[in-house]
Amino acid sequence: MRTRFAPSPTGSLHIGGLRTALFNWLFARHYGGTFILRIEDTDQKRFDPTALETLMEALRWAGLHWDEGPEVGGSYGPYVQSERLHLYQQWAKWLVEQDKAYTCYCSPERLQQVNREKEARKEPPGYDRHCRNLTAAQRAAYEAQGIKPVIRFKMPLDGQTVVQDAIRGESVFDNATQQDAVLLKSDGFPTYHLAVVVDDHFMQISHVMRAIEWFPSFPLHAQLWQAFGWDMPVYAHLPVILNPNGKGKISKRNPPKDKYGNIIPVMVHDYMQAGYLPEAMTNFLANIGWNFGDEREVFTMDEAIERFDLSRVNRASSAFPTEKLDWLNGEHIRRLTPDDLARRLKPVLENAGFEVDDELLRKVVPLVQIRLKTLNEIVDLAGFFFRETFVAAPPEELVQDKMDAAMTCRALDRAADVLAGLDDLSHEAQEAAMRGLADELGLKPKQLFGALRVAITGQRVATPLFETIAIVGKDVALERIRNAAQSLVVQS
RNA sequence: GGCCCCAUCGUCUAGCGGUCUAGGAUGUCACCCUUUCAAGGUGAAGACACGGGUUCGAGUCCCGUUGGGGCUACCA
């Protein structure tokens, strides 16, 4: 089994592209086959020199390592189409010699004109096959004018093309509705149609899994395989991912928005930067259009590899279920070992401008693990641990429900005294002491603990109180509590 | 417009003729737990687009309608 992912390097990798890559990779891994990365850079107008590196970075991040392709090589290379031009030119020429393709000298202007006229007559647009039956003399005349021709395929004029898709079954197309597609452009570069068939053949691809956008050109490709006389691989057209509201396929040109109006990113790099785990991302993508087989939705890629096959791929396209990604990311964060989570959290904190002490981070991780949905959330939740100088909350934040500044001030003072007298900072010891104090002050634990949390962390939502105190240490905690109490005195 | 693809809770999905008074997940809501936020527990609301067939029997097969999507380049 040999599968390939064949993106064109025009920017960062699109989330839908990653899903296509994932399915190809999963399929190859399941059958112990080969996963190939091929770069389709045949559009000179959209060439972006940085795109290839970005694209490979996204694939590597997701763990989709390729067995053949750029950087790793392989015996069917080169794996970059712009380095295979002679092949396409050779086989395009062969088709012309076999009378299965022809040179076309029509200018873009004439093509436009033809379409305008067709539109006026309410006919479907398309090339009028003007050059399909040129005589040798006519061709020579065009050549003499120095016109660089394109090569077009001679699509059968009548009859039908029957195609087989592994997840959709049989489809029939009337050849009369098909076009004489351009195979080789006037700049000598192939179009997708030529390149994909030639490469899939010479790279001995056994299964072509691609997005369903390609389905309309399936009959063309089937005819091309036949014209070359090569054995066709198995084709499987994957459903597309639609916008979260189900309207239109997800794209960066029309950025989708969630129900709150926030833009939902579509590029893999956006998700990398937003603090999503690659294992959550691949798990998430595997659940769109494919089903694990039992009722499990949280699984590892090893588990997915074990079960992956085309029979459980959905035919219908699906909306992008963003809420599930957040949930899955939380699930995978919770499944990480604390050391692993610490390793991944460190760069996030550093990017936020903190200097990270590994020992401190190791202690903080257990406090945040069940609370994070994305890695980035640690900055707001527990960034205070790593700040050089403490940023106190505004005094009014200290005052809890049904309390006033004076009560809060007194409570904090007393709490400082209690804490000062504690040698044991275990959760149990602290809790017993502070509950006793709350009782004595006629406060609910919630009120006292809330005030203390704001005093010590500077925020209302933070890590659990006693564990946090144990980590920052008694001296620091006492100082913050007393300063907080002081701020309330100044205020009143 | 033309050609093609698709159709189960808001969303992702299970279902491959009887076990479906349609299962799971997410999201939403309620309650419990509770020092915040989470996590966890319990529960609730929530779907076979419609119309014809075929069949003893249809969410499951066929046809049509409707709806959605894709394509319609010397882009991929």
Side-chain angles (χ1 to χ4, degrees), chain A residues 6-10 40-46 104 106-108 111 115 119 122-127 148-152 165 168 171-174 176-179 181-187 189-193 195-196 210-219 237 239-240 242 244-249 259 284 287-298 311-312 314-328 330 334 368-373 377 381 400 431 434-435 438 444-454 457 459-466:
Chain A
S8 62
T10 53
E40 311 222 328
D41 59 343
T42 56
D43 187 359
Q44 291 298 86
K45 295 186 203 80
R46 296 203 297 169
C104 169
C106 294
S107 65
L111 262 26
N115 275 336
E119 199 185 351
K122 298 204 165 147
E123 286 173 24
Y127 180 53
K148 286 249 179 286
V150 301
I151 292 179
R152 285 183 184 270
D165 182 277
R168 269 154 238 282
S171 293
V172 182
F173 293 83
D174 282 329
T177 63
Q178 301 296 314
Q179 297 286 313
V182 172
L183 300 179
L184 200 71
K185 305 178 213 175
S186 52
D187 63 2
F189 276 67
T191 60
Y192 172 80
H193 307 297
V196 77
R210 56 172 17 172
I212 197 158
E213 283 101 300
W214 293 112
F215 201 77
S217 49
F218 196 5
H237 289 89
V240 280
L242 269 25
N245 61 10
K247 302 278 179 198
K249 73 174 173 179
K259 56 187 170 188
F284 169 73
N287 274 328
I288 305 177
W290 180 69
N291 184 267
F292 192 72
D294 59 27
E295 296 198 318
R296 253 184 300 171
E297 288 190 11
V298 187
S311 72
R312 300 199 71 83
N314 229 102
R315 272 186 276 273
S317 47
S318 55
F320 189 73
T322 45
E323 343 74 60
K324 277 204 156 182
L325 174 59
D326 287 336
W327 164 71
L328 265 174
R334 275 171 252 140
V368 299
Q369 187 152 21
I370 60 167
R371 288 166 229 273
L372 297 177
K373 281 221 283 285
E377 285 172 357
L381 183 67
Q400 302 297 296
E431 185 171 12
M434 290 301 174
R435 275 185 189 278
K444 291 196 171 125
K446 186 178 191 154
Q447 296 171 301
L448 177 62
F449 297 176
L452 282 168
R453 174 175 303 102
V454 175
T457 66
Q459 35 194 77
R460 289 211 140 166
V461 173
T463 45
L465 180 60
F466 305 129

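All figures in this text were calculated on a predicted structure; none of them were measured in a lab. Numbers restart at 1 for each chain; the letters A, B, ... are given by sequence-line order, proteins then strands.
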Enquirer: For B/A38, does either OP1 or OP2 sit under 4.0 Å from a side-chain N or O belonging to A/Lys373?
Expert: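 No, A/Lys373 has no side-chain N/O under 4.0 Å of OP1/OP2 on B/A38.
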
Enquirer: Go through B/G10, B/C6, B/G1 for me and flag the one nearest to the A/Arg315 side chain.
Expert: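 Of the options given, the side chain of A/Arg315 lies nearest B/C6.
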
Enquirer: Looking at B/A76, B/C5, B/C12, which one has an atom nearest to any side-chain atom of A/Thr191?
Expert: B/A76

Enquirer: What's A/Gly293 touching, base or sugar-phosphate or nothing? Going by heavy atoms closer than 4.0 Å.
Expert: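 Since no nucleic acid heavy atom lies under 4.0 Å of A/Gly293, the category is nothing.
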
Enquirer: Take atom P in B/C75 and the same atom in B/U60, then report the distance between them in whole Å.
Expert: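 Between the two P atoms, the distance is 45 Å.
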
Enquirer: Categorize A/Ile212 for me: base, sugar-phosphate, or nothing, with a 4.0 angstrom heavy-atom threshold over every strand shown.
Expert: sugar-phosphate

Enquirer: Considering every strand and a 4.0 Å limit on heavy-atom distances, what is the contact class for A/Pro108: base, sugar-phosphate, or nothing?
Expert: base

Enquirer: Do A/Pro190 and A/Glu40 have side chains that approach each other closer than 4.5 Å (heavy atoms only, starting at C-beta)?
Expert: no

Enquirer: Check whether any side-chain nitrogen or oxygen of A/Arg168 sits under 4.0 Å from OP1 or OP2 of B/G70, and answer yes or no.
Expert: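 Indeed not, no polar side-chain atom of A/Arg168 lies that close.
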
Enquirer: What's the CG-C1' distance between A/Leu448 and B/U34, to the nearest Å?
Expert: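 Those two atoms, CG and C1', are 16 Å apart.
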
Enquirer: Students often get this wrong, so: under 4.0 angstrom with heavy atoms, is A/Val150 touching a base, only sugar-phosphate, or nothing?
Expert: base

Enquirer: Taking any heavy-atom pair under 4.0 Å as a contact, classify A/Ala462: base, sugar-phosphate, or nothing.
Expert: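 Base contact.
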
Enquirer: Under 4.5 Å between any side-chain heavy atoms of A/Thr191 and A/Thr42, yes or no?
Expert: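 No, side chains not in contact.
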
Enquirer: Looking across every strand, which nucleic acid part, if any, lies under 4.0 Å from A/Thr42 by heavy atom: base, sugar-phosphate, or nothing?
Expert: sugar-phosphate

Enquirer: Rounded to whole angstrom units, what separation is found between the CG atom of A/Leu328 and the P atom of B/U13?
Expert: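 Rounded to the whole Å, the gap is 13 Å.
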
Enquirer: Under 4.0 Å, heavy atoms only, any strand: does A/Pro464 hit a base, just the sugar-phosphate, or nothing?
Expert: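 Result for A/Pro464 = base.
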
Enquirer: Going 5' to 3' through nucleotides 19-25 of chain B, assign each nucleotide B (protein heavy atom under 4.0 Å from a base atom), S (under 4.0 Å only from sugar-phosphate atoms) or - (no protein heavy atom that close).
Expert: ----BBB

Enquirer: Does A/Thr463 make a side-chain N or O approach to OP1 or OP2 of B/C37 shorter than 4.0 Å?
Expert: no

Enquirer: For B/A76, take OP1 and OP2 only and decide whether either is under 4.0 Å from a side-chain N or O of A/Lys45.
Expert: no

Enquirer: Look at the aromatic rings of A/His237 and A/Phe215 and report parallel, tilted or perpendicular, splitting at 30° and 60°.
Expert: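 Aromatic pair A/His237/A/Phe215 classed perpendicular.
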
Enquirer: Less than 4.0 angstrom between a side-chain N/O of A/Asn314 and OP1 or OP2 of B/A14, yes or no?
Expert: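 Yes, such a contact exists.
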
Enquirer: For a 4.5 angstrom cut-off between non-hydrogen side-chain atoms, does A/Leu465 reach A/Met434?
Expert: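 They are not in contact (no side-chain heavy atoms under 4.5 Å apart), so the answer is no.
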
Enquirer: Considering every strand and a 4.0 Å limit on heavy-atom distances, what is the contact class for A/Arg312: base, sugar-phosphate, or nothing?
Expert: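 Result for A/Arg312 = sugar-phosphate.
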
Enquirer: Select base, sugar-phosphate, or nothing to describe what A/Thr322 touches, counting heavy atoms under 4.0 Å on all strands.
Expert: nothing

Enquirer: Over all strands shown, is A/Pro124 touching base, sugar-phosphate only, or nothing at heavy-atom distances under 4.0 angstrom?
Expert: base

Enquirer: What is the distance, to the nearest angstrom, from the CD1 atom on A/Ile370 to the P atom on B/U36?
Expert: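 Computing the A/Ile370:CD1 to B/U36:P distance gives 13 Å.
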
Enquirer: Tell me: CG of A/Asn245 to C1' of B/G27, nearest whole Å?
Expert: 16 Å

Enquirer: Do other residues, nucleotides or ligands put more than 12 heavy atoms under 6.0 Å from A/Gln44 CD?
Expert: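 Above 12, so yes.
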
Enquirer: Within the structure shown, what part of the strands sits under 4.0 Å from A/Ser186 by heavy-atom distance: base, sugar-phosphate, or nothing?
Expert: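 If one applies the 4.0 Å heavy-atom cut-off, A/Ser186 turns out to touch a base.
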
Enquirer: Any protein N or O atoms within reach of nucleotides 66-69 of chain B? Criterion: under 3.5 Å, listing atom names and distances.
Expert:
from, atom 1, to, atom 2, distance (Å)
B/G69, OP1, A/Gly248, N, 3.4

Enquirer: I need the OH-P distance between A/Tyr127 and B/G2, as an integer number of Å.
Expert: 25 Å

Enquirer: How is A/Pro190 classified with respect to the nucleic acid when contacts are heavy atoms under 4.0 Å: base, sugar-phosphate, or nothing?
Expert: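 The residue A/Pro190 makes sugar-phosphate contact but no base contact.
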
Enquirer: Would you say the side-chain atoms of A/Thr457 pair up with the backbone N or O of A/Gln459, donor to acceptor, closer than 3.5 Å?
Expert: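 Judged by distance alone, yes, a pair lies under 3.5 Å.
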
Enquirer: A/Gln459 has an atom CD; how far is it from atom P of B/A38, in whole Å?
Expert: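 Rounded to whole Å, this separation is 14 Å.
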
Enquirer: Could you tell me whether A/Phe466 contacts a base, only the sugar-phosphate backbone, or nothing, with contacts defined as non-hydrogen atoms closer than 4.0 Å?
Expert: base

Enquirer: Taking A/Arg168 for its side chain and A/Arg315 for its backbone only, find out whether a donor-acceptor pair lies under 3.5 Å.
Expert: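 Yes, the answer is positive, given that a donor and an acceptor are paired below the 3.5 Å cut-off.
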
Enquirer: Whole Å only: how far is the CG atom of A/Asp174 from the C1' atom of B/G2?
Expert: 12 Å

